[in-house]
2 protein chains.
Amino acid sequence: MPNSKPVISSSGLRDEDLRQAIELLFFAYRDFTARADAILAKQSFGRAHHRVIYFVGRHPGITVSALLEILGITKQSLARVLGQLVREHYILQKKGTQDGRQRLLHLTDKGRELERMLTTEQRARIAAAYKDAGPSAVEGFRKVMLGIMNDDARWRFKTRGD
Amino acid sequence: MPNSKPVISSSGLRDEDLRQAIELLFFAYRDFTARADAILAKQSFGRAHHRVIYFVGRHPGITVSALLEILGITKQSLARVLGQLVREHYILQKKGTQDGRQRLLHLTDKGRELERMLTTEQRARIAAAYKDAGPSAVEGFRKVMLGIMNDDARWRFKTRGD
DNA sequence: AAATATACGTCAGTATTGTTGACATATTAC
DNA sequence: GTAATATGTCAACAATACTGACGTATATTT
């Protein structure tokens with residue numbers, strides 16, 4: 001006799017498949033971040049520092065408030081991490097020319113070097129997975145990931161590369 | 001003239017694509033976990049409680065050490081959260097019959113109810129993304145996610161559903 | 001020019017989740 | 001009987017997040 005009847009949720013998809021997706025996200029994310037965390041620990045930085053370094057590197061001249069929105073954390077939470085990175089010269093703040101209230105964030109050479117160290121490992125991991133899976137799988141991966149995130153985050157990707 | 005020459009990494013993949021993947025992971029995971037966190041906060045539980053509830057629900061009778069390996073945290077970290085869930089009757093511990101040292105973990109009805117509350121939202125999110133993306137995209141998503149995680153985690157999926 | 005809004009910083013207190021390290025107990029394996 | 005294993009527990013600490021309140025500089029509005 002069959003193992004058991006597949007449970008079909010109201011969406012018409014098998015419950016098992018949906019649960020598997022939850023776990024794919026959990027394990028992929030857990031392992032994806034683990035190595036960078038280890039590197040960071042050596043400099044007594046944490047994952048939060050990594051994220052700041054990453055997004056400042058990605059968007060040179062980003063404002064503090066834009067960074068806050070990306071990270072989805074509070075000003076006070078960011079302040080501790082960002083303050084550290086600025087004091088230790090990983091990040092440089094430049095007063096905005098158009099709007100003098102803004103503090104535009106840039107990586108220093110030191111910051112860029114750390115950023116490279118951290119993401120090299122992650123990029124290699126992605127590259128291996130992409131090569132193994134093949135281009136059409138990558139396209140599917142992108143579609144599903146975009147579908148999972150909120151609308152706000154989604155159009156961050158729509159304006160690029162597509 | 002063209003925007004700029006695409007940077008090709010040593011893997012033969014465009015650097016931009018690899019960076020985009022990093023961000024897809026970040027935003028999808030961030031938004032995926034956000035709602036459940038909100039529900040949990042109302043019961044003064046956190047994400048750690050969710051993960052324990054989830055994996056015990058997924059693997060009834062799981063041992064403490066197996067759970068520790070899945071979660072990738074220390075015994076002491078788990079103890080606080082698990083102890084709470086046991087004291088408040090979300091999880092039941094049964095002494096192992098084969099090995100009397102083991103404490104096999106099970107959800108109670110109360111625990112199952114909380115589990116359902118938490119994952120209903122997440123399953124709906126996945127279901128919507130899957131439906132939108134289509135079956136072949138889902139297959140690609142699975143391939144890439146499996147490629148991203150470590151080998152240990154990967155064969156957790158190989159024995160099921162495939 | 002004065003009032004208001006915005007961008008950013010900072011202080012203080014608290015919760016959650018994770019870590020190390022050390023030690024205790026029950027049970028199984030040799 | 002001794003050693004290994006599965007689990008629990010105490011204590012101290014660090015990272016990351018939160019809320020709430022207040023301060024300062026600059027822009028915008030009236």
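Lettering of chains follows the sequences in order, A, B, ..., and the numbering in each one begins at 1.
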Checklist entry - Between dT16(D) atom C1' and R47(B) atom CZ, what is the distance in whole Å? => result 11 Å
Next on the checklist: So, using salt bridge (charged side-chain N to carboxylate O under 4.0 Å, His left out) as the criterion, who are the partners of E121(A) when residues are at least two apart?
Outcome noted: R35(A)
Next on the checklist: Using a heavy-atom cut-off of 4.0 Å across all strands, would you classify R80(B) as base, sugar-phosphate, or nothing?
Outcome noted: base
Checklist entry - Going through the checks in order, is the side-chain contact (heavy atoms from CB on, under 4.5 Å) test met by V144(A) and M145(B)? => result CA-CA 11 Å; V144(A) 172; M145(B) 292 299 266; over 6 Å; no
Item to check | Short side-chain N/O contact to dT7(D) OP1/OP2 from K95(B), under 4.0 Å | outcome: no
Checklist entry - Taking CG from L40(A) and P from dT16(D), how many angstroms apart are they, rounded to a whole number? => result 9 Å
Checklist entry - Which nucleotides of nucleotides 2-9 of chain C have their base under 4.0 Å from a protein heavy atom (B), which only their sugar-phosphate (S), and which neither (-), written as one string 5' to 3'? => result ---BBSBB
Item to check | Main-chain N/O of I8(B) paired with R14(B) side-chain donor or acceptor, under 3.5 Å | outcome: no
Checklist entry - What's the spacing between L68(A) CG and F55(A) CZ if we round to 0.5 Å? => result 12.5 Å
Checklist entry - What side chain to side chain donor-acceptor pair (under 3.5 Å) pairs are there with at least one residue in residues 64-83 of chain B, not counting sequence neighbours? => result T63(B)-S65(B)
Next on the checklist: Among dT17(C), dT19(C), dC18(D), which nucleotide has an atom closest to any side-chain atom of Q76(B)?
Outcome noted: dT19(C)
Item to check | Contact nearer the 5' end of DNA chain D, comparing Q98(A) with H49(A) | outcome: H49(A)
Checklist outcome for this item: When rounded to whole Å, the CG to P distance for the pair L67(B) and dA6(D) reads 14 Å
Next on the checklist: If the condition is side chain to side chain contact (heavy atoms under 4.5 Å, CB included), which residues does R30(A) pass it with, not counting sequence neighbours?
Outcome noted: F26(A), F27(A), A153(B)
Checklist entry - Charged N to carboxylate O under 4.0 angstrom, R123(A) versus D15(B)? => result yes
Side-chain donor-acceptor pairs of residues 93-114 of chain B under 3.5 Å, sequence neighbours excluded:
residue : atom : partner : partner atom : Å
D99(B)  : OD1  : R101(B) : N            : 2.9
D99(B)  : OD1  : R101(B) : NE           : 3.1
D99(B)  : OD2  : R101(B) : NH2          : 2.8
R103(B) : NH1  : G100(B) : O            : 3.1
R103(B) : NH1  : R101(B) : O            : 3.4
T108(B) : OG1  : H89(B)  : O            : 2.7
T108(B) : OG1  : Y90(B)  : O            : 3.2
T108(B) : OG1  : K110(B) : N            : 3.4
T108(B) : OG1  : G111(B) : N            : 3.1
D109(B) : OD1  : R112(B) : NH2          : 3.1
K110(B) : NZ   : E88(B)  : O            : 2.9

Next on the checklist: dA17(D), OP1 or OP2 - any side-chain N/O from T74(A) closer than 4.0 Å?
Outcome noted: no
Next on the checklist: Assess whether a salt bridge exists between E23(A) and R58(B), defined as any Lys/Arg side-chain N lying under 4.0 Å from an Asp/Glu carboxylate O.
Outcome noted: yes
Item to check | Protein-nucleotide distance (Q84(A), atom CD; dA17(D), atom P), rounded to Å | outcome: 12 Å
Next on the checklist: Rounded to whole Å, how long is the line connecting atom CG of L68(A) with atom C1' of dA17(D)?
Outcome noted: 13 Å
Checklist entry - Quick one: on DNA chain C, does I73(B) or T97(B) contact a more 5' nucleotide (nearest heavy atom)? => result I73(B)
Checklist outcome for this item: Separation of dT7(D) atom P from I91(B) atom CD1, nearest Å, is 14 Å
Next on the checklist: Using five pairs at each end of the helix from dA1(C)-dT30(D) to dC30(C)-dG1(D) to define an axis, what is the angle between those two axes, to 10°?
Outcome noted: 30°
